[in-house]
Amino acid sequence: MKKAEEMTIEEIVRRYDLCWLKPDRIWARILPNEPAARAEIMANLRNRKQEILAYFAERDAAEKRAAREEKIDAISGLKEIRAALADLEAWDEEFNANMERGDSGVGLRPRPQYDMDAMRTKYPRAAAFLEAEKMSHSPHYAKSAAGRKALESIINGGDYAQALKAANAEWDAYLQEHVWD
């Protein structure tokens with residue numbers, strides 16, 4: 001068996017069943033009964049405390065990101081609308097490349113036909129998500145902040161219509177306040 005000094009942080013966490021007591025405490029559930037071995041392991045854990053805390057923080061952040069992605073993936077119709085938008089964008093790029101080469105549309109596939117209005121009507125939550133996402137990518141800090149709030153509300157199951165309405169109201173209020181700046 002490896003000594004604690006030779007183990008990676010992940011091996012230490014598993015071997016001693018470490019728990020993270022936020023913000024900066026660690027608890028070991030499994031330690032040897034021998035006082036000398038226990039003291040040696042505790043000293044090693046103290047020396048590597050910052051590495052262990054960083055490991056737990058990264059693991060916690062990864063779990064939160066995964067949970068957020070699961071919520072986004074659960075929005076019905078989002079993948080379908082994104083796939084349609086990506087296909088239309090790819091066709092536009094193909095068309096532009098075809099025209100730049102001087103082919104005048106020869107060899108170009110027909111333009112994909114999607115009824116985006118029907119898709120947005122069928123999947124209003126997904127459409128609201130995409131609108132809030134677009135707003136959150138705005139270069140203006142106030143507009144992007146309003147979009148991020150709406151986006152998080154939609155992801156976390158809030159009323160999508162109310163979230164967009166609040167974001168647009170916040171952006172409009174900002175514009176009204178700074179109209180003469």
Here the pair of heavy atoms bringing Ala132 nearest to Ala150 is CB-CB, 4.0 Å
Residue set satisfying side chain to side chain contact (heavy atoms under 4.5 Å, CB included) with Arg59, at least two apart, ordered chain then number -> Val13, Tyr55, Phe56, Glu63
Practice prompt. Give the intermediate values and the outcome of side chain to side chain contact (heavy atoms under 4.5 Å, CB included) for residues Ile12 and Ile41.
Written response: CA-CA 10 Å; Ile12 289 173; Ile41 291 167; over 6 Å; no
Here the salt bridge (Lys or Arg N to Asp or Glu O under 4.0 Å) pairs for residues 116-135, sequence neighbours left out, are Arg82-Glu133
task: Would you indicate whether the side-chain heavy atoms of Arg14 and Glu10 approach each other to under 4.5 Å?
output: yes
For Trp20 and Asp60 the tightest heavy-atom approach is CZ3-CB, 3.9 Å
Minimal heavy-atom distance between Met135 and Ala167, with the atoms involved, is CE-O, 3.6 Å
CG of Leu88 to CD of Glu93, rounded to nearest 0.5 Å, is 11.5 Å
Rounded to the nearest 0.5 Å, the CD1 atom of Ile26 sits from the CG atom of Leu18 at a distance of 6.5 Å
Sorted by chain and number, sequence neighbours left out, side-chain hydrogen bond (donor to acceptor under 3.5 Å, both in side chains) with Asn96 holds for none
Minimal heavy-atom distance between Met116 and Ala84, with the atoms involved, is SD-CB, 4.0 Å
For Val179, the hydrophobic cluster (side chain heavy atoms closer than 4.5 Å, chained through members) also holds Trp180
- Take Leu85 and Tyr114, measure what side chain to side chain contact (heavy atoms under 4.5 Å, CB included) needs, and give me the verdict at the end. CA-CA 9 Å; Leu85 291 172; Tyr114 296 103; over 6 Å; no
Taken in chain and number order and not counting sequence neighbours, the residues that satisfy salt bridge (charged side-chain N to carboxylate O under 4.0 Å, His left out) with Arg111 are none
Tracing side-chain contacts under 4.5 Å among Ile, Leu, Val, Met, Phe, Trp and Tyr outward from Trp27 reaches Leu21
### Message
Do Leu130 and Leu164 land in one hydrophobic cluster if side-chain heavy atoms of ILVMFWY residues count as linked below 4.5 Å?
### Response
no
side-chain hydrogen bond (donor to acceptor under 3.5 Å, both in side chains) filter on Glu58, not counting sequence neighbours, yields Arg65
All heavy atoms of Leu108 vs all of Phe95, minimum pair found to be CD2-CD1, 3.4 Å
In short, salt bridge (Lys or Arg N to Asp or Glu O under 4.0 Å) pairs touching residues 164-181 with sequence neighbours left out are Lys149-Glu170
* Asked: Do the charged groups of Glu51 and Arg48 touch, with an N to O distance under 4.0 Å?
  -> yes
Contacts of Asp87 meeting salt bridge (charged side-chain N to carboxylate O under 4.0 Å, His left out) (sequence neighbours excluded), chain-then-number -> Arg109
Q.
With a 4.5 Å cut-off on side-chain heavy-atom distances among I, L, V, M, F, W and Y, is there a chain of contacts connecting Met119 to Ile72?
A. yes
**Asked** Do Glu152 and Asn156 come within less than 4.5 Å of each other through their side chains, counting heavy atoms only?
**Response** yes
Residue set satisfying side-chain hydrogen bond (donor to acceptor under 3.5 Å, both in side chains) with Glu69, at least two apart, ordered chain then number -> none
What one should report as the nearest heavy-atom pair of Ile81 and Ala126 is CD1-CB, 4.0 Å
Answer yes or no: is there a donor N or O on one side and an acceptor on the other, between the side chain of Asn98 and the main chain of Glu94, under 3.5 Å? no
Value for CG (Leu31) from CG (Leu45), rounded to nearest 0.5 Å, stands at 7.0 Å
So salt bridge (Lys or Arg N to Asp or Glu O under 4.0 Å) across residues 24-38, not counting sequence neighbours, yields Asp17-Arg29
Distance col, row Ile154:CD1 vs Tyr160:OH, nearest 0.5 angstrom, shows 9.5 Å
Residues passing the side chain to side chain contact (heavy atoms under 4.5 Å, CB included) test with His140, sequence neighbours excluded, are Ser138, Ala142, Lys143, Trp171, Tyr174
CG of Leu78 to CG of Asp73, rounded to nearest 0.5 Å, is 8.0 Å
d(Ser144 OG, His137 NE2) to nearest 0.5 Å is 10.0 Å
